[in-house]
Visitor: 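Just dropping this structure here.
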Amino acid sequence: MTRRILLVNGPNLNLLGTREPEIYGTATLTDVERITADAASELGFEVRAVQSNHEGVLIDAIHAAREDCAGIVINPGGLTHTSVVLRDALTGVSLPFAEVHISDVYAREVFRHHSYLDDVAAVRVVGHGVDGYADAVRQLAALIP
Ligand code: CA2
């Protein structure tokens, strides 16, 4: 069994560390990918990381994970609140996944309170900053035989 986790970061998360530090902190996407890979490595998993501003690229990466990944950690960005297509991709591959949000979406605008993924995610980590990615890996890994 492949011990690999796909890390997916959605639209605009490439801007981490460059703007809105009061909401998202100062860590960059590179930091997020390192934090996730370090947590995974302690549990014997490697990480393949993808970030894209294009929904179809994210969906192709999720489909490809069927071949060689045991689970998915995803921060879908704004697609969380809009995308049936992303939900269908995640349920379609039948891999356990963790939904991560850096900010506390429930303390923000009402439109961020709804997630198209929350009822199908195996794990949710919301509002724990970028360390939430490490929490998500640990909780997800615990579900993988
Ligand atoms: O809190 C999160 O992680 C979010 O998934 C981030 C999304 C937002 O639409 C969700 O409601 C909550 C936005 C990602 C954009 O990230 C930026 C980072 C720095 C500067 C600008 C945008």
Side-chain angles (χ1 to χ4, degrees), residues 2-41 43 45-141 143-144:
T2 307
R3 306 282 285 174
R4 184 178 296 115
I5 288 171
L6 177 68
L7 169 64
V8 179
N9 280 291
N12 299 310
L13 286 158
N14 55 308
L15 298 177
L16 277 177
T18 68
R19 292 180 44 226
E20 303 191 53
E22 67 286 1
I23 299 174
Y24 299 113
T26 55
T28 64
L29 179 63
T30 302
D31 294 330
V32 163
E33 291 177 351
R34 180 183 43 74
I35 287 165
T36 308
D38 286 352
S41 160
L43 298 162
F45 287 86
E46 57 183 67
V47 167
R48 179 193 301 135
V50 59
Q51 187 279 328
S52 181
N53 297 320
H54 304 278
E55 198 169 23
V57 171
L58 302 176
I59 287 159
D60 287 344
I62 290 166
H63 288 181
R66 248 185 327 185
E67 305 302 323
D68 61 0
C69 293
I72 298 172
V73 172
I74 181 166
N75 182 343
L79 294 173
T80 308
H81 319 299
T82 64
S83 184
V84 173
V85 176
L86 188 63
R87 175 194 173 98
D88 288 345
L90 287 161
T91 56
V93 298
S94 294
L95 292 171
F97 74 90
E99 176 186 353
V100 179
H101 298 289
I102 296 167
S103 65
D104 179 2
V105 288
Y106 301 107
R108 300 181 64 191
E109 303 95 323
V110 170
F111 67 81
R112 297 186 199 276
H113 298 188
H114 177 261
S115 166
Y116 276 99
L117 305 182
D118 60 4
D119 62 321
V120 286
V123 172
R124 295 188 83 225
V125 181
V126 177
H128 291 195
V130 295
D131 291 339
Y133 287 85
D135 294 346
V137 163
R138 293 186 194 109
Q139 290 186 55
L140 187 67
L143 302 177
I144 296 170

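Computed from a predicted model, the values in this text were never measured in an experiment. Because only heavy atoms are used, hydrogens play no part in the values below, and waters and symmetry mates are left out as well, while side chains stay in.
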Visitor: If you apply the rule side chain to side chain donor-acceptor pair (under 3.5 Å), what do you find for Asn9 with Tyr133, and how did you get there?
Guide: CA-CA 11 Å; Asn9 280 291; Tyr133 287 85; 2.6 Å; yes
Visitor: Kindly give the heavy-atom pair with the smallest separation between Asn53 and Gly10, and that separation in Å.
Guide: OD1-O, 4.4 Å
Visitor: Indicate the ring-plane relationship of His101 and His81, choosing parallel, tilted or perpendicular according to the 30° and 60° boundaries.
Guide: parallel
Visitor: Can you give me the closest heavy-atom contact between Ala141 and Leu43, atom names plus distance?
Guide: CB-CD1, 3.8 Å
Visitor: For a 4.5 angstrom cut-off between non-hydrogen side-chain atoms, does Pro11 reach His54?
Guide: no
Visitor: Hey, which of Ile62, Leu6, Leu7 is the one that makes side chain to side chain contact (heavy atoms under 4.5 Å, CB included) with Ile74?
Guide: Ile62
Visitor: So, for His113 and Glu109, which heavy atoms are closest and what is the spacing to 0.1 Å?
Guide: CD2-O, 3.2 Å
Visitor: Can you name the closest pair of heavy atoms from Ile35 and Ala134 and give their distance?
Guide: CG2-CB, 4.0 Å
Visitor: Testing the basics here: between Ala39 and Val137, what is the closest heavy-atom pair and its distance to 0.1 Å?
Guide: C-CG1, 4.0 Å
Visitor: Under the criterion side chain to side chain contact (heavy atoms under 4.5 Å, CB included), which of Val73, Leu117, Leu143, Val123 is the partner of Phe97?
Guide: Leu117
Visitor: Going through the distances and angles, do Asp118 and Arg87 end up as a salt bridge (charged side-chain N to carboxylate O under 4.0 Å, His left out)?
Guide: CA-CA 10 Å; Asp118 60 4; Arg87 175 194 173 98; 5.9 Å; no
Visitor: Can you find a heavy atom in the side chain of Ile144 that is under 4.5 Å from one in the side chain of Arg3?
Guide: yes
Visitor: Working to the nearest 0.5 Å, report the span between CD of Glu20 and CD1 of Ile102.
Guide: 11.0 Å
Visitor: Do the side chains of Val93 and Ile72 get nearer than 4.5 Å, heavy atoms only?
Guide: yes
Visitor: Would you find a donor on one side and an acceptor on the other, under 3.5 Å apart, between the side chain of Thr18 and the backbone of Leu15?
Guide: yes
Visitor: Nearest 0.5 angstrom please: Arg48 CZ to Arg4 CZ, how far?
Guide: 5.5 Å
Visitor: Are the aromatic ring centres of Tyr116 and His114 under 6.0 angstrom apart?
Guide: yes
Visitor: Once rounded to the nearest 0.5 Å, what's the spacing between atom CG of Leu16 and atom CD of Gln51?
Guide: 8.5 Å
Visitor: Ignoring hydrogens, what is the shortest heavy-atom contact between Asp135 and His128? Give both atom names and the distance.
Guide: OD2-ND1, 3.4 Å
Visitor: Within this structure, what is the OG1-CG distance for the pair Thr36 and Leu140, rounded to the nearest 0.5 Å?
Guide: 11.5 Å
Visitor: Got a second to check how far Cys69's SG is from Phe45's CZ, nearest 0.5 Å?
Guide: 10.5 Å
Visitor: With heavy-atom distances below 4.5 Å as the criterion, would you say the side chains of Pro76 and Leu90 are in contact?
Guide: no
Visitor: Would you tell me whether Asp38 and Ser41 have side-chain atoms, one donor and one acceptor, within less than 3.5 Å of each other?
Guide: no
Visitor: Out of curiosity, Arg112 CZ to Ser103 OG, how far, rounded to the nearest 0.5 Å?
Guide: 7.0 Å
Visitor: Is a side-chain donor-acceptor pair under 3.5 Å present for Ser83 with Glu55?
Guide: yes
Visitor: Would Asp31 and Val130 count as a side-chain contact (heavy atoms from CB on, under 4.5 Å) if you check the C-alpha gap in whole Å, the side-chain angles of each, and the deciding distance to 0.1 Å?
Guide: CA-CA 8 Å; Asp31 294 330; Val130 295; over 6 Å; no
